[in-house]
Protein chains: 2
Amino acid sequence: MRLVIARCSVDYIGRLRAHLPLATRLLMVKADGSVLIHSDGGSYKPLNWMSPPATLHVTEPDEDDNEAGVAEIWNVQHAKSDDRLVISIHEHLHELSHDLGADPGLVKDGVEADLQRLLAEQIHLLGQGCTLIRREYMTAIGPVDILARDAAGRTVAVELKRRGDIDGVEQLTRYLELLNRDPLLAPVRGVFAAQQIKPQARVLATDRGIECLSLDYDAMRGVDDIESRLF
Amino acid sequence: MRLVIARCSVDYIGRLRAHLPLATRLLMVKADGSVLIHSDGGSYKPLNWMSPPATLHVTEPDEDDNEAGVAEIWNVQHAKSDDRLVISIHEHLHELSHDLGADPGLVKDGVEADLQRLLAEQIHLLGQGCTLIRREYMTAIGPVDILARDAAGRTVAVELKRRGDIDGVEQLTRYLELLNRDPLLAPVRGVFAAQQIKPQARVLATDRGIECLSLDYDAMRGVDDIESRLF
DNA sequence: TCGTGCATGTCGAGG
DNA sequence: CCTCGACGTGCACGA
């Protein structure tokens, strides 16, 4: 990785066009040829960037550029598209290079997949006597997160979200509409399950006869840990 | 901005939990307290990060940490939530600080507005004899991208997307429902226009009697260029 | 390789 | 403040 602090202007030409006026910024060149241009604020998104794989080609400024104070031009060309980044460097302030090597990568815990696994294992949270039919039950308009059968033998379709919002209720509504056309499954109950369910989503779900289920992830993981320790 | 190359491990506890095993990485501390942890690959998204506003508090390692080889611990606490990043620094390899100042920001040119302008200008793409009523036709629930009249005199509501997926069909459905209550406009045809339309969105649209229209942006821009050259 | 859905999404506009 | 929609979305996973 190569880090350069420089006064520069930047132009991106590709899926759209974008321009950064002259200012002091951090240029980060990664081992795979990707380039990030960061300011001293904002979130993790760079002001501008080039995705890998890309190649960096440094050229001398032409007469006009030279007159404008450009010392060096970086042409960053994406390897698989016409996307191009042109960095006009006016002043080179700092430089630092270091080989970081490969990274072991991030280990995540608590994304929707974890929540789905836990709910499938603790399917009784849907109600006494519920049994799992399957996770990721495929339909023409996408997979239903969890399909189960309740104590009375009715099919239950579960839409699972980390944060329950209106669009999640819409999604479940579409699934229910489709599933209820299948005589082997109908009638199908809907359950909207999430760690947090927004009031508006709860109102909409209730209005459509969809049950809301708040999930306590820490408690569910606690149960999972205890079960794991038994084996 | 402060840049540190260090051998470190990282733990994030917040909306989820995430862990980065010990490795050499770039730590970027911005002026607003945000922190980014980058490896030497991947795209612009850091391995882990803390959004602003946040505060960095450096503490000495306790006995266990010391034994494990930790030299220094960075506690990064988000100012408005419980999100927390703990960076255990084993080895400090490089350091570089520089005040970048405020950035003038990115100037973007021509994205979604272009597609809408082009379709309005080439309204015949909706079908022979179509005429434009207006762009951004306002309704109580938001603006319809394009409203037109077809050769048979029927109103046509167009929802325009760069990438057409189910959400766009839902949006157009809401507009059609509303527009069809207006006796001056009803009956209103729906056209879902996008550069690419996903199969599931196409299924849903067709099921609801909404026509799908794939747009060739390059061709449309080409026509635009030719027309421009005539004047 | 391509398509699909999630994301600690981020970001900006508008009510 | 919150909601909604766009994004050069990125990203992992499955067909």
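Chain identifiers are assigned alphabetically (A, B, ...) following the order of the sequence lines, protein sequences preceding nucleic acid strands; residue numbering begins at 1 within each chain.
Taking each heavy atom of A:Gly14 and A:Asp83 in turn, the nearest pair found is CA-OD1, 3.6 Å. The heavy-atom pair separating B:Leu27 from B:Trp74 by the smallest distance is CD1-CZ3, 3.8 Å.
Counting only heavy atoms from C-beta on, A:Glu112 has its side chain closest to C:dC6 among D:dG5, C:dG5, C:dC6. Distances from the side chain of A:Ile166 to the nucleotides D:dA6, D:dC4, C:dC6 place D:dC4 closest.
Side-chain atoms of B:His78 come within 3.5 Å of backbone N or O of B:Lys80 as a donor-acceptor pair. In this structure, B:Gln77 contributes its side chain and B:Ser81 its backbone to a donor-acceptor pair below 3.5 Å. Proximity of a side-chain donor or acceptor of B:Thr155 to a complementary backbone N or O of B:Leu185 within less than 3.5 Å is detected. Between the side chain of A:Asp165 and the backbone N or O of A:Asp167, no donor-acceptor pair lies under 3.5 Å.
Rounded to an integer number of Å, the gap from A:Arg117 CZ to C:dC6 P is 18 Å. Straight-line distance from the CD atom of A:Glu136 to the C1' atom of C:dG3: 15 Å, rounded to whole Å. Whole-Å rounding puts the A:Glu170 CD to D:dC4 P distance at 10 Å. As rounded to whole Å, 13 Å separates atom P of D:dC13 from atom CD of A:Gln116. Remark: C1' of D:dG10 and CG of B:Leu36 are 15 Å apart, rounded to the nearest angstrom. Put simply, NZ on B:Lys161 is 7 Å from P on D:dG5, counting in whole angstrom units. One atom, CG of A:Leu115, and another, C1' of C:dC6, lie 13 Å apart when rounded to the nearest Å. In this structure, B:Asp145 atom CG and D:dG5 atom P are separated by 11 Å, rounded to whole Å.
Stretches of at least 3 consecutive Watson-Crick or G-U wobble pairs, with each checked distance under 3.5 Å, appear in DNA chain D as C:1-7 with D:9-15, C:9-15 with D:1-7.
You'll find the side chain of B:Asp99 reaches within 4.5 Å of the side chain of A:Asp40, heavy atoms only.
Between A:Lys198 and D:dT3 there is a side-chain N or O to OP1 or OP2 distance below 4.0 Å.
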Each nucleotide of nucleotides 9-15 of chain C classed B (base within 4.0 Å of a protein heavy atom), S (only sugar-phosphate) or -, in 5' to 3' order, makes SSS----

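With B:Ile146 as the fixed residue, the side chain to side chain contact (heavy atoms under 4.5 Å, CB included) test singles out one of B:Glu136, B:Glu159, B:Arg135: B:Arg135.
Between A:His78 and A:Asp165, the one whose closest nucleotide on DNA chain D sits nearer the 5' end is A:Asp165. Across the interface with DNA chain C, nearest-nucleotide mapping of A:Lys80 and B:Tyr12 shows A:Lys80 to be the residue nearer the 5′ end. Each of B:Leu106 and A:Gln200 was assigned the nucleotide of DNA chain D with the nearest heavy atom; the assignment lying further toward the 5' end belongs to A:Gln200.
A donor and an acceptor atom, one from each side chain of A:Lys161 and A:Gln196, are nowhere located under 3.5 Å apart. Under 3.5 Å, the side chains of A:Thr59 and A:Asn75 contain a donor-acceptor pair of N or O atoms.
Counting any heavy atom pair closer than 4.0 Å across all strands shown, A:Arg135 reaches no nucleic acid atom. As judged by a 4.0 angstrom heavy-atom cut-off over every strand, A:Ile141 is placed among residues touching the sugar-phosphate backbone only.
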